[in-house]
A.B. asks: 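I am attaching a structure below and will ask some questions about it afterwards.
Predicted, not measured: the structure shown is a model, and the values here were computed from it.
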Amino acid sequence: MKLLLDNNIEDLKQICAELGEKQYRAKQLFKWISQGANYGAMSDIPKSFQNKLANEYFDSALKIVRTLTSKDGTQKFLYEFKDGQTVEGVLMKQSYGNTLCVSTQVGCAMKCVFCASGYHGLVRNLTAGEIYGQVIVANSIAKISNIVLMGSGEPLDNYDNTLKAISLMTDENGLNLSKRSISLSTCGLPEKIKQLADDEAGVVLSISLHATTDETRQELMPIAKKHTLKELIDATKYYFEKSGRRVVFEYLLIKDVNTNHFDIQRIQKISKQVMCHFNLIMLNSTSTSLLKSLNTREAERFLEKLKPLGVSATIRKSAGSDIEGACGQLRTKFAGRKTNKN
Ligand code: SAH
């Protein structure tokens with residue numbers, strides 16, 4: 001069985017042709033699946049066609065098997081795909097609209113030391129429909145206006161499916177999200193960043209920088225052994241020049257690792273090389289790493305030192321801190337519980 005959601009309107013036209021149906025059905029179908037409708041509810045599509053489709057295609061990609069709701073309204077979901085694999089999603093409610101954090105892979109191959117998603121390595125890529133499906137399911141709970149591709153996985157390591165998912169999210173016949181409201185976060189694959197610029201993806205590019213020297217970055221992120229900071233910043237510049245979009249550097253504030261006086265100077269240097277904003281992030285502790293976050297006061301002091309240097313920077317607001325399961329931990333917990341039961 002395949003997923004109907006893996007198909008854009010062009011693909012759906014092809015399916016219509018194969019099943020002997022009219023081409024205009026493709027748009028109707030796309031509208032329905034984008035609303036999360038199941039077979040049986042697609043009222044302007046003949047039952048006979050729906051039955052033919054149901055023999056070959058699932059009408060959904062995933063279901064929510066756990067939900068945690070925070071006092072501040074943030075919701076964390078655990079989604080389960082047809083093969084039983086799971087990933088997490090986070091729905092954040094803000095005054096300017098609701099933001100959904102979306103995953104692109106089950107697990108991750110990048111193995112950053114501070115991140116729970118890569119702890120067991122990569123399990124598999126998500127298909128375009130499995131990525132898009134997360135947005136559809138969440139959108140039926142609360143209208144989603146912003147997407148951050150910051151869940152589990154490295155989006156640029158699953159390039160084609162991620163790009164197709166973006167085009168599904170932004171299709172005017174479906175959810176019609178704007179490209180500018182989609183942020184793609186990457187650990188930094190320079191060639192793929194340039195390809196993203198050439199493909200005119202149009203999304204906001206977020207780079208997980210997390211260090212100002214190759215040496216420190218290599219300690220935190222194995223990918224830095226393959227690509228230097230210079231290569232990464234050059235690719236980021238290329239993305240800015242091609243897209244005209246300011247890039248975002250994500251920077252974890254880790255005690256005694258990347259937050260000294262010299263880091264501040266080097267952040268200033270980087271900020272002069274490319275139009276950018278620094279998103280300073282408090283580290284969520286994971287069971288597998290001993291790294292410690294700066295506390296709130298230290299983080300504010302760090303920010304205050306950057307400001308007079310002309311660096312555009314903010315501390316990322318944390319949401320849902322009372323519902324644990326940050327950064328891959330809900331999935332790990334759920335997997336543990338499942339095993340305990342068996
Ligand atoms: N692979 C992509 C996107 C997924 S991670 C990337 O590396 O950017 C999304 C963001 O969460 C990244 O900035 C990542 O560095 C950050 N992150 C991972 N583990 C974290 C932790 N324990 N605490 C805070 N942020 C974390």
A.B. asks: Under 3.5 Å, side chain of Glu56 to main-chain N/O of Lys52, donor-acceptor pair present?
C.D. replies: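 No.
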A.B. asks: If we ignore hydrogens and angles and just use 3.5 Å, is the side chain of Thr99 paired with the main-chain N or O of Ile147 as donor and acceptor?
C.D. replies: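 Absent.
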A.B. asks: What heavy-atom pair brings Gln75 and Thr67 nearest, and what distance separates the two atoms?
C.D. replies: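 Closest heavy-atom pair between Gln75 and Thr67: NE2-CG2, 3.9 Å.
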A.B. asks: For Lys31 and Gly174, indicate whether the former's side chain and the latter's backbone hold a donor-acceptor pair under 3.5 Å.
C.D. replies: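 Side chain of Lys31 to backbone of Gly174: no pair is present.
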A.B. asks: Return the CD to SG distance between Gln14 and Cys16, rounded to the nearest 0.5 Å.
C.D. replies: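 It is 10.0 Å, given to the nearest 0.5 Å.
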A.B. asks: Would you call Lys82 and Met1 a side-chain contact if the rule is heavy atoms closer than 4.5 Å?
C.D. replies: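 No - every pair of side-chain heavy atoms lies 4.5 Å or more apart.
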A.B. asks: Quick one: does any side-chain atom of Ser293 pair with a main-chain N or O of Leu283 as donor and acceptor, under 3.5 Å?
C.D. replies: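 Answer holds: yes.
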A.B. asks: Determine whether a donor-acceptor pair (N or O, by modelled atom type, separation under 3.5 Å) exists between the side chain of Thr212 and the backbone of Arg266.
C.D. replies: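 No, the answer is negative, given that no donor and acceptor are paired below the 3.5 Å cut-off.
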A.B. asks: Between Asp234 and Lys230, does any NZ, NE, NH1 or NH2 come within less than 4.0 Å of an OD or OE carboxylate oxygen?
C.D. replies: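 Between Asp234 and Lys230 there is a salt bridge, with a charged N closer than 4.0 Å to a carboxylate O.
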A.B. asks: Ignoring hydrogens and geometry beyond distance, is a side-chain donor-acceptor pair present between Asp59 and Trp32 at under 3.5 Å?
C.D. replies: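 Their side chains do not contain a donor-acceptor pair, so the 3.5 Å distance test is not met.
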A.B. asks: When you look at Arg245 and Leu205, which way does the side-chain contact (heavy atoms from CB on, under 4.5 Å) test go after all the steps?
C.D. replies: CA-CA 8 Å; Arg245 294 208 188 298; Leu205 180 67; over 6 Å; no
A.B. asks: Is the backbone of Glu80 close enough, under 3.5 Å, to the side chain of Lys63 for a donor and an acceptor to pair up by distance?
C.D. replies: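 Answer holds: no.
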A.B. asks: Enter the distance from Glu231:CD to Asp214:CG here, rounded to the nearest 0.5 Å.
C.D. replies: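 Going from the CD atom of Glu231 to the CG atom of Asp214 covers 9.0 Å.
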A.B. asks: Would you name the heavy atoms of Asp6 and Gly129 that are closest together and state the gap between them?
C.D. replies: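 Nearest heavy atoms, Asp6 then Gly129: OD1-N, 2.6 Å.
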A.B. asks: Begin from the C-alpha positions of Phe77 and Ile141 and carry the test side-chain contact (heavy atoms from CB on, under 4.5 Å) through to its verdict.
C.D. replies: CA-CA 11 Å; Phe77 307 119; Ile141 294 169; 3.8 Å; yes
A.B. asks: Kindly compute the distance separating SG (Cys115) from CE (Met110), expressed to the nearest 0.5 Å.
C.D. replies: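 Here the interatomic distance stands at 11.0 Å.
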A.B. asks: For Thr186 and Glu154, test the side chains for any donor-to-acceptor distance below 3.5 angstrom and give the result as yes or no.
C.D. replies: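 Distance-only check passes for Thr186 and Glu154.
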A.B. asks: Hey, is the main chain of Ser152 close enough, under 3.5 Å, to the side chain of Ser103 for a donor-acceptor pair?
C.D. replies: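 Checking the backbone N and O of Ser152 against the side chain of Ser103, a donor-acceptor pair under 3.5 Å is found.
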A.B. asks: Taking atom CZ of Arg124 as the centre, report whether more than 12 heavy atoms of other residues, nucleotides or ligands fall under 6.0 Å from it.
C.D. replies: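 Yes, because the 6.0 Å sphere around CZ of Arg124 holds more than 12 heavy atoms from other groups.
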A.B. asks: Report the distance from atom CD of Glu21 to atom CG of Leu12, rounding to the nearest 0.5 Å.
C.D. replies: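 Result: 12.5 Å between the selected atoms.
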A.B. asks: Are side-chain heavy atoms of Leu29 and Arg25 found at a separation under 4.5 Å?
C.D. replies: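 The answer is no; the side chains never approach within 4.5 Å.
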A.B. asks: Just verifying a value: how many Å separate Ile270 CD1 and Tyr251 OH, rounded to the nearest 0.5 Å?
C.D. replies: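 One gets 7.5 Å once the value is rounded to the nearest 0.5 Å.
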A.B. asks: Let's go through Thr104 and Asn158 carefully: what are the C-alpha distance in whole Å and the side-chain angles of both, what is the deciding distance for side chain to side chain donor-acceptor pair (under 3.5 Å) to 0.1 Å, and is it a yes or a no?
C.D. replies: CA-CA 7 Å; Thr104 53; Asn158 183 17; 5.4 Å; no
A.B. asks: Hey, what's the ring geometry for His210 with Phe114, parallel, tilted or perpendicular (30° and 60° as the breaks)?
C.D. replies: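 Ring orientation of His210 relative to Phe114: perpendicular.
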A.B. asks: Mark yes or no for whether Asn258, through its side chain, and Thr216, through its backbone, hold a donor-acceptor pair below 3.5 Å.
C.D. replies: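 Such a contact is absent between Asn258 side chain and Thr216 backbone.
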A.B. asks: Could you walk me through whether Arg301 and Glu298 satisfy the salt bridge (charged side-chain N to carboxylate O under 4.0 Å, His left out) test, starting with their C-alpha distance in whole Å, then the side-chain angles of each, then the deciding distance to 0.1 Å, before giving a yes or no?
C.D. replies: CA-CA 5 Å; Arg301 225 177 287 145; Glu298 290 161 341; 5.8 Å; no
A.B. asks: Evaluate Ile33 against Ile136 for side-chain contact (heavy atoms from CB on, under 4.5 Å), listing each step before the verdict.
C.D. replies: CA-CA 8 Å; Ile33 55 180; Ile136 293 170; 5.5 Å; no
A.B. asks: In this structure, are over 12 heavy atoms from other groups packed under 6.0 Å from Lys255 atom NZ?
C.D. replies: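 Count over threshold, so yes.
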A.B. asks: Ignoring hydrogens and angles, tell me if any N or O in the side chain of Gln105 forms a donor-acceptor pair with the backbone of Leu122 under 3.5 Å.
C.D. replies: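 Checking the backbone N and O of Leu122 against the side chain of Gln105, no donor-acceptor pair under 3.5 Å is found.
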A.B. asks: For the side chain of Gln218 and the backbone of Lys225, is there at least one donor-acceptor N/O pair under 3.5 Å apart?
C.D. replies: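 Absent.
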A.B. asks: Could you go through Asp171 and Tyr132, starting from their C-alpha distance and side-chain angles, then the distance that decides it, and tell me whether this counts as side chain to side chain donor-acceptor pair (under 3.5 Å)?
C.D. replies: CA-CA 11 Å; Asp171 193 305; Tyr132 185 39; over 6 Å; no
A.B. asks: Can you confirm whether Tyr159 is buried at OH, in the sense that more than 12 heavy atoms of other residues, nucleotides or ligands lie under 6.0 Å from that atom?
C.D. replies: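 Enclosed.
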A.B. asks: Just checking, is any N or O donor in the side chain of Tyr238 or Asp198 under 3.5 Å from an acceptor N or O on the other one?
C.D. replies: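 The answer is yes; a qualifying pair exists.
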A.B. asks: So how far is it from Arg297 CZ to Glu304 CD, rounded to the nearest 0.5 Å?
C.D. replies: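 If I round to the nearest 0.5 Å, the distance is 13.5 Å.
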